[in-house]
Amino acid sequence: MEQETLKVLAVADPAVEGYLDKELGILDGYEGKVYFHIVPWADYYPMMMKAFAGEADYDIVMVAGHLWLRDFAEKGYLWELELEEEDILPVIAEEMKYKGKAYLSPSFCDGHMILYRKSLLYQVLGKEPGSVIAPQEYIETAKAYKAACGEQAVAMKADKSEIFTDALPFLRMYGGDAYDSHGSAVCGKEEAVKGLQSYIELRACAVNGTESFGNGEIAEAVRQKRAAMAVTWSGQMGEVFKEGCLEPEDLGFSTFSTAWNVTWSFGICSSCKKKEAAEEFLKYLRSPEVDQKVGKKSGAPIRRGSYLEGAGDCPWFPVQQKMMELARPLPDLSKAGEKNGVLYEKIFEVFSGKKTAEEAMKEAGQMINGMTQL
């Protein structure tokens, strides 16, 4: 009897491209049949929700780790799976669970990484930034570079679909945050508003068009040396360093003391009728052999052994491991997609000059906490 094809809904990211890369031959090493439907980040969430609503037929979907796990586990969208932790980094293995049960299989981590041009910053500062810096230092460095060189210093990932998580380290820089530990919105508090105002100040130091920059635009700005600094995701590091990057040896790495990290993962839909095959496929994707190959392409593997084996080719690995250790997750949230959607919308309104940070964050807090009370 012919084996049925597993259908996977995946977000467009370098790690997913790695699974399908003919030269890497990942799918050739799996005996079953698999179809990947890859959707851009900006369109991904609504497509995934169609799968959970039974309006689209997928066996496996990608999930943004702790960001969405509570909702999906409590609503019964995901099937519990067996996760052999082995040398999966402990912080990642823990993120795969909700109330002690594993629902996710890790693919790659996406946390805040700062890339900078050593030569450009050295001529202004006389030194390079440390491996971990506060957002205040990032802003001061950008202003100093612009004042000294008369050129725009940074590329900001400020597209409406990216801006909340790009701004998050700055919301935390004076002790604020988007949510408290219980999941209530605290973005309207003075500390978070002040942090957002500092993030907005960076725009004066940013290259043209930054309000529509996503992962691809940031990667190109760094690769072509059009910005002295930029913040991107750890899962984009391989894309930055691929062939064609100008003077890759000139790139340095740092992270924020207020960083956030999420592990993009796979979950098996409760409606899946091929659960045994789906579990076997995910076990294969997170195997040491696949993680080493795909981890180099994305720049963000999930196993300790992959970081050791790939350190020579991926000079950002030491900083990235440090980032994962210090990154602070967001709390488990109900209606996480809807609540975070408010923050993307309101922060972009501030960035676009439509509202002040105080107005927008107060509105966001009221809207989000209103959802909790429904």
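In what follows, residues are counted from 1 in the order of the sequence shown.
Looking only at distances, a side-chain donor or acceptor of Arg223 sits under 3.5 Å from a matching main-chain atom of Val240. Looking only at distances, a side-chain donor or acceptor of Ser254 sits under 3.5 Å from a matching main-chain atom of Ser131. Thr356 contributes a side-chain N or O that, together with a main-chain N or O of Glu359, makes up a donor-acceptor pair within less than 3.5 Å. Remark: the backbone N or O of Ile26 is paired with a side-chain donor or acceptor of Tyr284 at under 3.5 angstrom. With Ser234 contributing its side chain and Gly111 its backbone, the two residues share a donor-acceptor pair below 3.5 Å. The main-chain N or O of Ser334 is found under 3.5 Å from a side-chain atom of Lys339 such that the two form a donor-acceptor pair. Between the side chain of Arg303 and the backbone N or O of Arg286, at least one donor-acceptor pair lies under 3.5 Å. Between the side chain of Thr255 and the main chain of His112, a donor-acceptor pair closer than 3.5 Å is present. A donor-acceptor pair under 3.5 Å is absent between the side-chain atoms of Thr263 and the main chain of Pro106, judged by distance alone. With hydrogens and angles ignored, the 3.5 Å screen pairs no side-chain donor or acceptor of Ser184 with any backbone N or O of Asp180.
Classified by interplanar angle (parallel below 30°, tilted 30° to 60°, perpendicular above 60°), the ring pair Tyr44/Trp264 is perpendicular. Aromatic ring orientation, Tyr179 versus Phe164: perpendicular (interplanar angle above 60°, classes split at 30° and 60°).
The shortest distance between side-chain heavy atoms of Tyr307 and Met324 falls below 4.5 Å. Counting heavy atoms from C-beta on, the side chains of Tyr19 and Val34 never come closer than 4.5 Å. Side-chain contact between Val8 and His37: absent, with no pair of heavy atoms (C-beta onward) separated by less than 4.5 Å. Within the 4.5 Å cutoff, the side chain of Tyr145 has no heavy atoms near those of the Leu125 side chain. With contacts defined as side-chain heavy-atom distances shorter than 4.5 Å, the pair Met113/Gln236 does not qualify.
The only option from Lys146, Lys143, Lys194 that meets the salt bridge (charged side-chain N to carboxylate O under 4.0 Å, His left out) definition with Glu201 turns out to be Lys143. A ring-ring contact (aromatic ring centres under 6.0 Å, His included) with Phe170 is found for one member of Phe351, Tyr199, Trp260 and no other, namely Tyr199. Checking Asp166, Thr232, Thr165 one by one against Lys157, the side chain to side chain donor-acceptor pair (under 3.5 Å) holds for a single residue, Thr232.
Here the closest heavy-atom approach between residue Val11 and residue Val16 is recorded as O-CG2, 3.2 Å.
Inspection of the Ser198 and Tyr174 side chains reveals an N or O donor paired with an N or O acceptor under 3.5 Å.
Aromatic ring centres of Tyr30 and Phe281 lie closer together than 6.0 Å.
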